Amino acid sequence: MNDMSRKYSPYSILLIGLMYVIPAYSQSIEGLRFPFGIPLQSGTGLSLSMGGSGIGISNDILGMSENPANLGAVGRAVFSAHGSLDFTNIKDDGKATNHITFNPHILSFCFPIKKLGSLGFSITQTGNAESKFMIDQRLPISEFDVNGRQGLIREGSSIVWQAGWGYSIKRYAKIGLAYQRMYFNPSWINVKLTEGDINDSLLDSSSISFVTNGISAGIQVPIKKLTLGISGQYFFENDASYHYYLSGTKVKDSTLSSQIETENYNFAMRPAPSIGFGASYQISPEWLCAADFEATIWSKYISKFNKNVDNAYGFSAGTQYVPAPNLLTPKYYEIMQYRAGFRFNQLPVSTVSEAGISFGIGLPLREGGGIFDIFFEYGQRWDKDISHYKEEFFKIQLGFNAGRKWYQSSDTNY
Amino acid sequence: MLKKICYSFSILFPLTFSLFCSRFDDTTGLGKDIIRDIDPSLTDVSQNFKTVETISIDSAFSIPNQNDTYFGVHPGALSVGTQENVSASGYLEYTFNSETWSRFSLTEKDSCTFNIDSIYIQCDILNKKSSLPSNINVYAATYEDKYRRTTQVKQIHIATLSLNKDSSSYSGPVFDSSLIDSIVTAFNSFRDQMLDCGKNDSCKNLIKDEVFRFCLFSDDTCNLAHLSSSPKMKFIARKDQDTLRVITTPASINFVAIENNSEILSNQPLSSFASQRIAVFKLDISNIWEMMDSTKFDEMLSAAFTITPKSYKNMFSENKSDTLMVVYYLSDKLIDNDSTFKKQRVSNVQKIITSDTTENTDTLHLKNLDKHFQLLTTNKPSSVYLYLQLSNRYGLHWKEVLWNNPKFKAILTTLE
């Protein structure tokens with residue numbers, strides 16, 4: 001492992017550096033209407049650069065990201081990390097604003113346990129709820145130059161921790177099962193403030209603290225060059241605690257305080273379950289193509305807030321090309337993995353959708369130790385009821401996947 | 001190596017290009033149609049802010065309206081004399097403890113004789129260029145005289161300090177032999193107690209300090225002296241055949257300024273540094289509560305006043321413009337005690353203003369009064385008092401401001 005850490009440390013430093021350099025705020029006004037903000041695609045570089053199609057791809061570097069059945073394909077210790085530098089351009093009636101954020105997607109580690117199959121652990125950011133909407137206007141007051149500003153700020157993201165087990169049933173199928181623990185702690189701040197000669201603010205804030213358990217399961221069945229996959233996840237209902245507090249005013253008979261909690265209660269909450277179907281086809285050693293169909297069943301979502309949601313469906317397809325995968329002494333560009341993909345996703349509000357195209361490369365690391373992925377995605381998010389508004393996004397996605405065998409299987413005969 | 005460079009370039013170039021060629025915004029005001037779906041009022045500033053500038057002033061006056069109060073006390077400073085109907089008297093408090101006695105080179109083991117031949121008091125002058133009182137009288141005082149100057153304080157006259165030829169200080173001998181005797185007695189008592197304690201340090205620590213207090217007055221009705229904060233008490237003492245010279249300074253000083261025409265001044269909205277007179281405006285704010293009750297604008301987000309000086313005087317400054325610091329406070333209660341005022345959560349504003357003129361540029365903005373108003377939301381009093389006091393920052397200049405009526409500014413908002 002020391003060799004591995006030396007080998008991949010430049011990439012780790014780059015990824016970690018980006019996480020700190022880029023201020024952690026995202027921007028999607030559409031996301032304000034979604035219960036968990038903008039949903040982030042799960043997956044590592046291999047699947048994400050193919051539009052997000054990974055349910056039907058059997059590859060150990062996918063780990064637990066798309067389909068826990070991939071754990072059944074793990075024959076070595078595999079570490080994966082993936083992050084995305086997201087640029088968003090919001091356009092409305094000819095005006096535009098630009099935003100940037102870094103979204104860490106996944107950290108996962110999987111390893112085989114001999115005949116018992118494989119174990120995997122991961123942490124995934126599944127949604128980004130960061131948004132800041134603010135408008136201002138000069139207020140009519142004599143002798144002072146004062147701007148009134150108001151807006152809505154939402155902060156927070158949803159994180160899922162997973163621990164899974166996978167098993168390969170000979171050549172017939174691979175199965176996987178994972179325990180999930182989801183954390184979601186968003187806050188909404190309704191801001192009213194004055195700026196200029198008079199500076200005051202009134203913050204009307206709410207926050208939710210929610211933790212729940214869930215399971216995910218999947219299966220992959222290879223049929224010659226075709227692999228079919230199915231995976232799904234289900235979260236259990238649990239209590240979310242709601243806090244409401246005010247800053248910058250006096251409430252009831254309490255003394256002046258910087259922050260006053262005025263309301264605190266629990267309510268039932270359950271994230272939406274989801275299911276996905278995928279298929280991949282190894283056309284030749286050089287060409288791989290894959291497609292996924294996913295559905296998020298928002299009708300099963302339970303919450304006191306953001307109830308105006310609808311089932312969301314998504315489709316993705318992509319391909320990978322390796323010029324000379326089996327040459328003994330290939331040139332470097334002949335073993336690079338060239339990938340491209342397309343996706344279309346409905347978002348939790350029925351009128352809102354997003355689509356994107358992705359293209360990029362997987363760079364094999366020395367001695368077959370792993371793959372460094374770099375790819376780009378361009379897409380748009382729109383509401384069919386608001387024709388003059390759209391959100392364009394451009395993502396620079398970086399990831400690396402490293403693997404090493406810890407032991408030689410005793411089953412291998414020469 | 002070439003590959004590594006290629007990889008790094010392929011990653012860093014688009015990142016660097018994107019980051020440096022774009023302007024990124026922290027917030028956006030776009031997408032109002034979507035926000036309208038969440039909360040329609042969030043897309044229109046005028047729906048959430050309302051400005052109010054009307055308020056009526058019931059009366060304008062200043063406090064206190066009589067002397068013999070705790071107003072006009074200036075700890076840490078010393079002024080004596082009279083200027084423009086304001087009389088100042090000083091207070092000195094000398095503490096004699098083991099550290100003081102050790103400076104006489106005497107210890108508890110000494111069996112020598114100890115006597116004080118004479119005591120001199122010397123006060124250096126800070127405002128040397130001004131007209132000064134010719135002398136200052138020193139009287140024995142009690143603790144009660146520290147913050148109030150009663151008529152009884154002038155009973156025991158112990159010294160007269162004369163102005164030196166170069167107008168740099170006042171000095172003079174203590175001619176009251178009983179004071180000298182009491183200091184010698186205090187020393188002997190201290191030495192006896194130290195001998196009784198022996199080597200018991202905790203016992204020595206319990207020996208009480210001796211405190212000698214004095215007040216300084218001047219009979220001059222036209223001139224005033226600002227004195228150094230370290231007036232010296234010089235002792236010439238004898239230990240057996242040796243002569244000792246010891247100088248000590250007071251542990252505490254102050255001066256109290258009293259107006260000779262306070263009844264007249266109290267009818268005007270006047271703020272005065274020396275007497276710490278506070279200008280007060282009684283304001284009728286019932287229309288504010290009515291507006292907050294009858295409309296959705298039920299939260300006071302910002303509240304402020306603008307106010308201009310009608311006249312400004314600085315008695316000891318030759319500068320045409322000065323920095324003025326005004327401490328202000330809003331309450332539904334009429335405060336008549338300066339120490340009570342100092343306990344309140346006051347705000348302050350500073351501004352460079354010009355002497356003896358009234359210009360628009362001299363407008364002071366009294367901000368952050370929304371917090372004071374928010375405290376009143378429970379009782380909603382129809383009247384409140386706006387207090388204006390001059391701060392003691394920026395030197396000992398005796399400033400005085402007569403105020404015009406303040407103008408009220410408030411921004412109301414909603415909490416829906």
Side-chain angles (χ1 to χ4, degrees), chain A residues 10 14 18 25 27 29-30 32-33 85 87 90-93 95-100 132-137 139-144 146 148-153 190 192-194 197-202 204 246 248-250 252-253 256 332 363 372 374 376 383 386 388-389 394 396 398, chain B residues 3-4 6-8 10-12 14-15 18-19 22-35 37-39 41-53 299-304 306 345 363 365 367-368 370-371 373-378 407 409-411 413-416:
Chain A
L14 180 65
L18 278 172
Y25 65 85
Q27 193 58 276
I29 299 303
E30 292 285 11
L32 283 169
R33 293 195 285 177
L85 187 61
F87 301 85
I90 298 175
K91 289 181 176 172
D92 190 4
D93 252 349
K95 295 176 185 169
T97 55
N98 296 312
H99 309 275
I100 186 172
K132 290 181 181 176
F133 173 82
M134 294 288 286
I135 55 171
D136 60 83
Q137 184 179 306
L139 299 178
I141 189 165
S142 63
E143 297 183 77
F144 285 110
V146 182
R149 295 194 80 196
Q150 64 179 43
L152 181 64
I153 296 172
N190 199 327
K192 295 187 184 77
L193 54 90
T194 54
D197 288 341
I198 305 176
N199 294 290
D200 286 298
S201 63
L202 178 61
D204 177 3
L246 286 165
T249 185
K250 180 179 182 294
K252 296 177 183 173
D253 296 328
L256 275 179
Y332 187 73
L363 302 169
F372 180 79
I374 176 165
F376 310 95
D383 186 330
I386 308 170
H388 53 83
Y389 180 86
F394 178 72
I396 300 172
L398 304 170
Chain B
K3 283 177 193 167
K4 274 189 179 176
C6 288
Y7 302 155
S8 306
S10 64
I11 296 163
L12 294 175
L15 280 180
S18 306
L19 286 171
S22 303
R23 186 182 62 82
F24 297 107
D25 305 287
D26 186 33
T27 63
T28 186
L30 305 180
K32 284 183 182 175
D33 286 339
I34 297 163
I35 297 295
D37 195 35
I38 300 165
D39 180 356
S41 70
L42 282 174
T43 58
D44 186 359
V45 171
S46 60
Q47 280 190 34
N48 285 297
F49 295 90
K50 183 175 181 62
T51 55
V52 182
E53 298 191 56
E299 283 287 330
M300 187 165 287
L301 180 61
S302 304
T306 58
R345 189 188 294 217
T363 303
H365 293 175
K367 300 178 189 174
N368 300 322
D370 46 288
K371 301 288 183 288
F373 272 102
Q374 284 162 8
L375 280 170
L376 303 172
T377 51
T378 310
K407 293 175 187 170
K409 320 278 175 188
I411 299 168
T413 189
T414 59
L415 190 61
E416 290 183 326

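What you see is a predicted model; the values in this text were computed from it and never measured.
In the displayed structure, Lys50(B) atom NZ is contacted under 6.0 Å by at most 12 heavy atoms of other residues, nucleotides or ligands.
Using a 4.5 Å cut-off between heavy atoms, Ile411(B) touches chain A through its side chain atoms alone. Contacts of Phe133(A) with chain B are made by both backbone and side-chain atoms, with heavy-atom separations under 4.5 Å. Only the side chain of Ile386(A) comes within less than 4.5 Å of a heavy atom of chain B; its backbone N, CA, C and O stay farther away. For chain A, the nearby part of Thr306(B) is the side chain; its heavy atoms alone come within less than 4.5 Å.
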Inset, instruction - Starting from the C-alpha separation in whole Å, work towards a yes-or-no answer on side-chain contact (heavy atoms from CB on, under 4.5 Å) for Ile38(B) and Leu152(A). - result: CA-CA 10 Å; Ile38(B) 300 165; Leu152(A) 181 64; 4.3 Å; yes

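Here the side chains of Asn190(A) and Leu42(B) are in contact, with some heavy-atom distance below 4.5 Å. Contact of the Val45(B) side chain with the Leu139(A) side chain is registered, since non-hydrogen atoms from C-beta on lie closer than 4.5 Å. With contacts defined as side-chain heavy-atom distances shorter than 4.5 Å, the pair Lys132(A)/Thr28(B) does not qualify. Counting only heavy atoms from C-beta outward, the side chains of Phe49(B) and Arg149(A) never approach each other to under 4.5 Å. Looking only at side-chain heavy atoms (C-beta outward), Thr414(B) and Lys192(A) come within less than 4.5 Å of each other.
Of the possible polar contacts, one joining the Thr51(B) side chain to the Pro140(A) backbone as a donor-acceptor pair under 3.5 Å is found. The backbone N or O of Glu143(A) sits nowhere less than 3.5 Å from a side-chain atom of Lys407(B) that would complete a donor-acceptor pair. Remark: side-chain polar atoms of Glu53(B) are not paired, donor with acceptor, to backbone N or O of Ile141(A) under 3.5 angstrom. A donor-acceptor pair under 3.5 Å is formed between the side chain of Lys409(B) and the backbone N or O of Ser142(A).
A pairwise comparison of heavy atoms in Thr27(B) and His99(A) identifies O-CE1, 3.5 Å as the closest pair. Pairing each heavy atom of Asp44(B) with each of Gln150(A), the nearest pair is O-NE2, 3.4 Å. Shortest non-hydrogen contact noted between Ile34(B) and Arg33(A) is CG2-NE, 3.5 Å.
Inspection of the His388(A) and Asp33(B) side chains reveals an N or O donor paired with an N or O acceptor under 3.5 Å. In summary, the side chains of Gln137(A) and Ser46(B) do not present any donor paired with an acceptor at a separation below 3.5 Å, with no hydrogens or angles considered.
Atoms CG and CG, from Asn368(B) and Asn199(A) in turn, are 8.5 Å apart once rounded to the nearest 0.5 Å. Distance check, rounded to the nearest 0.5 Å: CG of Asp370(B) to CG of Asp200(A) gives 4.0 Å. For the atom pair Ile90(A) CD1 and Asp25(B) CG, the distance stands at 8.5 Å (nearest 0.5 Å). Atoms CD1 and CG, on Ile29(A) and Leu30(B) in that order, are 8.0 Å from each other to the nearest 0.5 Å. Residue Ile100(A) holds its CD1 atom at 4.0 Å from CZ of Phe24(B), rounded to the nearest 0.5 Å.
A salt bridge does not link Asp92(A) to Lys32(B): none of the charged side-chain nitrogens sits closer than 4.0 Å to a carboxylate oxygen.
Contact count against chain B (heavy-atom pairs under 4.5 Å) is highest for Thr194(A) among Asp136(A), Val146(A), Thr194(A). Options Ile153(A), Ile198(A), Leu193(A) differ in how many heavy-atom pairs under 4.5 Å they form with chain B, and the most are formed by Leu193(A).
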